S.K.: 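This is the structure I want to talk about, given as C-alpha cells.
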Amino acid sequence: MGRGSVAVLDVRSSELTVIVGEKGVNNTFLFKTMRTEPYDGYQNGAFFDVANLKESVLRALAAAEQVCGERIKKLYIGVPGEFTKVIPREQEIGFPKKRKIGQKELDMLFESGREDVENHSFMRAASMIYVTADNRRVVDPAGLSSTGLSGVLSYFYCTNYFVKTMEDIFSGTKIVLEYLPAQLAMASYLIPPETRDEYALFLDVGFLSSSILVMLGGGALLQKTFWAGRGQIAFRLMQKFSLPYDAALALLASSNLYVRSDVKMREFMHAGISYEIDMDVMTEEIKAGLDELCESVGEVLEDCAGKEIENKPLYYSGEGMDGIRGGAEHISKRLSRVCELLVPDLAYYNKPAMSSRVALLDMAYEENRKLGLLYRLLNGFGG
C-alpha cells in the first residue's frame, strides 16, 4: 500500500468490509478498494459461526489485496458495540509547580486511570472534558499552564474473545492488527465537535445489533448495545405474511409508514412469486419492530436522567434504517425527541451504510498519522 494508505476491517452484524484508502484535502477520501462480504453475524458476545466469519474475512482481504496489487501489512479492525466496554472515570494529577501542559502531561492523566478489566483488552482512552487546577473547564488544555489537571475520561475495552477470534483468523498472514471502537469512530466523525462540547446522543442502527452512545467532548459517558435492527423487523414480516426472509427484506425496503392510500391489500412480487399484503398490518408490524428499538433506547435515556440531554436531538446512522421510509418520524414520535440522520459528507458515499466504513477509515488514518509522526520525532526526520 502507499505510504499514506490505511486498511480497515469494518465488522457489522450481518456483513463485513475491508477498505483501503487515504485521506485527501478538505477531509475528502481516496478509496483504493472496498470489498463487502456477508456472514452470519453475532449475538450475546459471540459470533454465530466463526468458520463462516473467517471465510468471509479472508475472502474480502484477498479481494482487496488483489485490487491494490500488494499485501496488507497492518489492519485496523472496527470493534462493534457488542464486543466493546466503555468505562468513564474522573482522574486528577498534580505537578510540583506550575507547568505548561503538553502531550506528556495528557498521557500521564490518561495512564493514571487505566486499569486492567477482566476478560477485556484496552483499546484507547478519550477525554470528555478537562479542568485545570484553577478551575478552567476546557476541551483541550494543551498550551495552558497549571499546577494540576483533572479530566472526565472514557476508557474503551474490547473483549478478549473478539481479539482471540481475530488473531486466530489472521494467524497465518503476518498482518499487524490494531483495534478501534466502531461506534466512537462513527459518533466522532459524524457529529461536529462543537455539538459534542455538550451532551450529544448518537444511535447506530444496524441489521441485527444497534448501539447508543451519550457523547461528551471526544469521549462517551456511556455506550449500550441491544439486539434490535432491520433484520428483526424483516423477521416479523416474514412470520406475519409467511414470506421467505429475502422477500420480507424486500417488502420492508419498499415500505412507507406514512403514505396515505385507499388500497388495503397490495400485490407484492418477489422472485416471480406474488404475495397478498395487508397494508395496515404491514405498517403495524414495522412500527412494532421500531417500538422494540425505541424501548431499548428509552431505557438508556432513563438511566441518564439528571444529565443535560432532555432536549437534545437523537442523531442516528447505520444500515438498519435504510429503506424504512417514515421510520425516523416514528422513532421521533415514540421518543418525543427530534431525530436527525447523519451520513458522510462525501459524494457517492453519503449513505447510512457507509457511515461506519468512512468513520473507521478516518480514525485509522489519524491514528496511523500520529504514529508516523511519533516515529519521526523519535528517530529524526528525513532519510
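These numbers were taken from a predicted model, which means no experiment stands behind them.
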S.K.: Do S121 and N160 meet the criterion of a side-chain donor-acceptor pair at a distance under 3.5 Å?
M.R.: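 Yes, N160 and S121 have a side-chain donor paired with an acceptor closer than 3.5 Å.
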S.K.: Does F170 reach the side chain of V57, with side-chain heavy atoms less than 4.5 Å apart?
M.R.: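 Counting from C-beta outward, F170 and V57 do come under 4.5 Å.
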S.K.: Determine whether M215 and I87 fall in the same hydrophobic cluster, where Ile, Leu, Val, Met, Phe, Trp and Tyr are linked whenever their side-chain heavy atoms lie under 4.5 Å apart.
M.R.: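 Different hydrophobic clusters.
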S.K.: I'd like to know if the side chain of Q232 reaches the main chain of L208, judged simply by a donor and an acceptor atom lying under 3.5 Å from each other, with no hydrogens or angles considered.
M.R.: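 Present.
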S.K.: Ignoring hydrogens and angles, tell me if any N or O in the side chain of Y275 forms a donor-acceptor pair with the backbone of L251 under 3.5 Å.
M.R.: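 No, Y275 side chain to L251 backbone: no donor-acceptor pair under 3.5 Å.
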S.K.: Around atom CD of Q239, are there more than 12 heavy atoms of other residues, nucleotides or ligands at under 6.0 Å?
M.R.: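 Atom CD in Q239 is packed in, count exceeds 12.
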S.K.: More than 12 heavy atoms of other residues, nucleotides or ligands under 6.0 Å from CD of Q66: is that the case?
M.R.: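 No, the 6.0 Å shell around CD holds no more than 12 heavy atoms from other groups.
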S.K.: Treating T195 as the side-chain partner and I191 as the backbone partner, does any N or O pair qualify as donor plus acceptor under 3.5 Å?
M.R.: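 Here the side-chain-to-backbone pair does not exist.
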S.K.: Given side chains that start at C-beta, do those of F162 and I77 come closer than 4.5 Å, heavy atoms only?
M.R.: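 Side chain of F162 against side chain of I77, heavy atoms only: contact under 4.5 Å found.
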S.K.: Give the intermediate values and the outcome of side chain to side chain contact (heavy atoms under 4.5 Å, CB included) for residues K23 and E366.
M.R.: CA-CA 9 Å; K23 202 168 183 178; E366 292 302 318; 3.5 Å; yes
S.K.: Can you tell me how far apart CE (M321) and CG (L203) are? Round to the nearest 0.5 Å.
M.R.: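 Going from the CE atom of M321 to the CG atom of L203 covers 8.0 Å.
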S.K.: Look only at the side chain of S188 and the backbone of A185, and say whether a donor-acceptor pair between them is shorter than 3.5 Å.
M.R.: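 Not at all, since once roles are kept as given, no pair shorter than 3.5 Å links the two residues.
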S.K.: Between K32 and S5, is there a side-chain donor-acceptor contact under 3.5 Å, judged purely by atom types and distance?
M.R.: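 Distance-only check passes for S5 and K32.
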S.K.: Within the 4.5 Å heavy-atom criterion, are V8 and V18 side-chain neighbours or not?
M.R.: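 V8 does not reach V18 side chain to side chain.
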S.K.: E276: what forms a side-chain hydrogen bond (donor to acceptor under 3.5 Å, both in side chains) with it, not counting sequence neighbours?
M.R.: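 Listed in chain order: nothing, the list is empty.
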S.K.: Counting C-beta onward and ignoring hydrogens, is there a side-chain heavy-atom pair between L249 and F207 closer than 4.5 Å?
M.R.: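 L249 reaches F207 side chain to side chain.
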S.K.: Could you grab the distance from atom CE of M128 to atom OH of Y199, nearest 0.5 Å is fine?
M.R.: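 Result: 8.0 Å between the selected atoms.
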S.K.: Is the NZ atom of K54 crowded by more than 12 outside heavy atoms at less than 6.0 Å?
M.R.: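 It does not: K54 NZ has 12 such atoms or fewer within range.
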S.K.: Should the pair R325 and Y258 be classed as cation-pi, given the thresholds of under 6.0 Å to the six-membered ring centre and 45° from the axis?
M.R.: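 No, R325 does not lie over the aromatic ring of Y258.
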S.K.: Of R99, K100, K98, which is the lone residue that meets salt bridge (charged side-chain N to carboxylate O under 4.0 Å, His left out) with E105?
M.R.: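 Going through R99, K100, K98 one by one, the salt bridge (charged side-chain N to carboxylate O under 4.0 Å, His left out) with E105 is satisfied by R99 alone.
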S.K.: Test S112 against every option in Q91, R89, E92 by the side chain to side chain donor-acceptor pair (under 3.5 Å) rule and name the one that passes.
M.R.: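 Filter result, single survivor: Q91.
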S.K.: Would you confirm whether E82, through its side chain, and N44, through its main-chain N or O, come within 3.5 Å as a donor-acceptor pair?
M.R.: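 Such a contact is found between E82 side chain and N44 backbone.
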S.K.: So, the side chain of S317 versus the backbone of L342: is there a donor-acceptor pair under 3.5 Å, distance only?
M.R.: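 Yes: the side chain of S317 pairs with the backbone of L342.
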S.K.: OG/S254 to CD1/I324 distance, rounded to the nearest 0.5 angstrom?
M.R.: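 Interatomic distance, S254 OG to I324 CD1, rounded to 0.5 Å: 11.5 Å.
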S.K.: Take Y316 and D204 through the test side chain to side chain contact (heavy atoms under 4.5 Å, CB included) and record every step on the way to the result.
M.R.: CA-CA 6 Å; Y316 72 95; D204 172 22; over 6 Å; no
S.K.: Using only heavy-atom distances, determine whether the side chains of S211 and T225 contain a donor-acceptor pair under 3.5 Å.
M.R.: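 There is such a pair between these side chains.
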S.K.: Could you tell me whether the side chains of S13 and R230 share a donor-acceptor contact shorter than 3.5 Å?
M.R.: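 Their side chains do not contain a donor-acceptor pair, so the 3.5 Å distance test is not met.
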S.K.: Any Lys/Arg nitrogen of E292 or R236 sitting under 4.0 Å from an Asp/Glu carboxylate oxygen of the other?
M.R.: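 Result for this pair is yes, salt bridge flagged.
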S.K.: Do the side chain of T84 and the main chain of P80 share a donor and acceptor less than 3.5 angstrom apart?
M.R.: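 Checked: pair present.
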S.K.: How long is the straight-line distance from CG of L184 back to OG of S154, given to the nearest 0.5 Å?
M.R.: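 With rounding to 0.5 Å, OG (S154) is 8.0 Å from CG (L184).
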S.K.: For the residue pair L293 and V205, establish whether any side-chain heavy-atom pair is separated by less than 4.5 Å.
M.R.: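 The answer is yes, as the side chains (C-beta and beyond) meet within the 4.5 Å cut-off.
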S.K.: For the pair Y39 (side chain) and F47 (backbone), establish whether a donor and an acceptor sit closer than 3.5 Å, ignoring hydrogens and angles.
M.R.: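 No, the answer is negative, given that no donor and acceptor are paired below the 3.5 Å cut-off.
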S.K.: Salt bridge (charged side-chain N to carboxylate O under 4.0 Å, His left out) with E15: which of R357, R35, R59?
M.R.: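 Among R357, R35, R59, the one that satisfies the salt bridge (charged side-chain N to carboxylate O under 4.0 Å, His left out) with E15 is R357.
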S.K.: Heavy atoms, side chains only, cut-off 4.5 Å: are Y189 and V358 in contact?
M.R.: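 Side chain of Y189 against side chain of V358, heavy atoms only: contact under 4.5 Å found.
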S.K.: Below 4.5 Å, heavy atoms only, C-beta onward: do L301 and R337 meet side chain to side chain?
M.R.: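 Of all side-chain heavy-atom pairs linking R337 with L301, at least one is under 4.5 Å.
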S.K.: When you compare the side chain of R114 with that of Y155, does any pair of heavy atoms fall below 4.5 Å?
M.R.: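 Yes. Closest side-chain heavy atoms under 4.5 Å.
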S.K.: Should we count CG of D345 as having more than 12 external heavy atoms under 6.0 Å?
M.R.: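 For D345, atom CG is not crowded (no more than 12 foreign heavy atoms under 6.0 Å).
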S.K.: Looking at A133, is its backbone amide N or carbonyl O close enough to the side chain of S146 to form a donor-acceptor pair, meaning the two atoms are under 3.5 Å apart?
M.R.: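 Checking the backbone N and O of A133 against the side chain of S146, a donor-acceptor pair under 3.5 Å is found.
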S.K.: Would you call the rings of F122 and Y157 parallel, tilted or perpendicular if under 30° counts as parallel and over 60° as perpendicular?
M.R.: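 It falls in the perpendicular class, over 60°.
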S.K.: Just how far is it from atom CZ of R136 to atom CG of L149, taken to the nearest 0.5 Å?
M.R.: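 Between R136 CZ and L149 CG, I get 10.5 Å after rounding to 0.5 Å.
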S.K.: Charged N to carboxylate O below 4.0 Å: is that the case for K164 and E167?
M.R.: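 A salt bridge is absent here (no side-chain N lies under 4.0 Å from a carboxylate O).
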S.K.: Look up atom CG in L361 and atom CE in M354, then write down how far apart they are to the nearest 0.5 Å.
M.R.: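 The distance works out to 9.0 Å.
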S.K.: Report yes or no: do T17 and D10 form a side-chain donor-acceptor pair below 3.5 Å?
M.R.: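 Absent: no donor and acceptor within the cut-off.
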S.K.: Mind running ring pair (Phe, Tyr, Trp, His ring centres under 6.0 Å) on F31 and Y349 for me, showing each step along the way?
M.R.: CA-CA 10 Å; F31 295 95; Y349 300 101; 4.4 Å; yes
S.K.: State which residue, out of F83, F48, Y161, fulfils the ring-ring contact (aromatic ring centres under 6.0 Å, His included) condition with Y42.
M.R.: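 It is F83, the one option of F83, F48, Y161 that forms the ring-ring contact (aromatic ring centres under 6.0 Å, His included) with Y42.
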S.K.: I'd like to know if the side chain of Q223 and the backbone of L213 have a donor-acceptor N/O pair within less than 3.5 Å.
M.R.: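 Looks like no, no N/O pair under 3.5 Å.
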S.K.: Is atom CZ of F235 surrounded by more than 12 heavy atoms (other residues, nucleotides or ligands) closer than 6.0 Å?
M.R.: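 Result for CZ/F235: open.
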